[in-house]
Amino acid sequence: AAAFKSRLHFTISIAATCPGQQTGCRLLFPTPSRKDKPMSKNIIHSDNAPAAIGAYSQAVRAGNTVYLSGQIPLDPKTMALVSDQFAEQAHQVFKNLKAVCEAAGGSLNDIVKINAYLTDLSNFAVFNEVMGQYFAQPFPARAAVGVAALPRDALVEAEAVMVLAD
């Protein structure tokens, strides 16, 4: 199989009448080409958050933006669920996110977006109350989604996007 390398480089050709000429001429407008530059990304790891339990990183920084993988309520030392109670699980999720934020050089208040996954949306008010203990205004944008199940039978998971100062 032949190797294929993609580049964004092409020329637009327009048929036009050029001043002082009887026939049309071609005006060529080159478009910018993209050099093959790998995206700069840094992997973020904290021993104070649970180790990844799959083929992913705890967080990845690309430029000023840090993408935090979903955290479930595992104790980082034992890798076991902290409790079977929703409020305790929600607290541990935010503790885990906080540890990863700090490893990336930020804090929970640098988070601009959170996606939360709850196995029972009747726990939404408790989640809201717990989240309010970890964030100051202005609060990040957020989505809360009801899901059928989460890894390790967790009741809650949250992932986030954090933007750091230059």
(message) Quiz question: by atom type and distance under 3.5 Å, do the side chains of N109 and S107 form a donor-acceptor pair?
(response)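 No, S107 and N109 have no side-chain donor paired with an acceptor closer than 3.5 Å.
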(message) Does either side chain, that of E159 or that of Y117, offer a donor lying less than 3.5 Å from an acceptor on the other one?
(response) yes
[X] side-chain N/O to [Y] backbone N/O, donor-acceptor pair under 3.5 Å:
| X | Y | value |
| --- | --- | --- |
| N96 | P50 | no |
| Q58 | S46 | yes |
| Q89 | S83 | yes |

(message) With a 4.5 Å cut-off on side-chain heavy atoms, are I111 and C101 touching?
(response)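 Answer yes - side chains close enough.
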Looking only at heavy atoms, which two atoms of [X] and [Y] are closest? And how far apart?
| X | Y | answer |
| --- | --- | --- |
| A104 | R61 | O-NH1, 4.0 Å |
| Q85 | L155 | C-CD1, 4.3 Å |
| L97 | S69 | CD2-O, 4.3 Å |
| V100 | A59 | CG1-CB, 3.5 Å |
| P151 | I72 | O-CD1, 3.7 Å |
| D75 | K77 | OD1-N, 2.6 Å |

Give a yes or no on whether [X] and [Y] share a hydrophobic cluster (residues Ile, Leu, Val, Met, Phe, Trp, Tyr; joining criterion: side-chain heavy atoms under 4.5 Å apart).
| X | Y | value |
| --- | --- | --- |
| L121 | M131 | yes |
| F127 | L74 | no |
| V163 | I114 | no |
| V93 | F139 | yes |

(message) According to salt bridge (Lys or Arg N to Asp or Glu O under 4.0 Å), who are the partners of E102, at least two apart in sequence or on a separate chain?
(response)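 Salt bridge (Lys or Arg N to Asp or Glu O under 4.0 Å) list for E102, sorted by chain: K98.
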(request) May I have the step-by-step check of side chain to side chain contact (heavy atoms under 4.5 Å, CB included) for L118 and V147, ending in yes or no? (result) CA-CA 6 Å; L118 288 68; V147 296; over 6 Å; no
(request) Can you tell me which residue pairs pass the ring pair (Phe, Tyr, Trp, His ring centres under 6.0 Å) test with a partner in residues 69-93, sequence neighbours excluded? (result)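 Ring pair (Phe, Tyr, Trp, His ring centres under 6.0 Å) check on residues 69-93 returns H91-Y134.
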(request) For residues 137-158, pull every pair meeting side chain to side chain donor-acceptor pair (under 3.5 Å), keeping only residues two or more places apart or in separate chains. (result) N128-R142
(request) Would you check, one step at a time, whether the test side chain to side chain contact (heavy atoms under 4.5 Å, CB included) holds for V66 with L164? (result) CA-CA 8 Å; V66 180; L164 301 174; 3.8 Å; yes
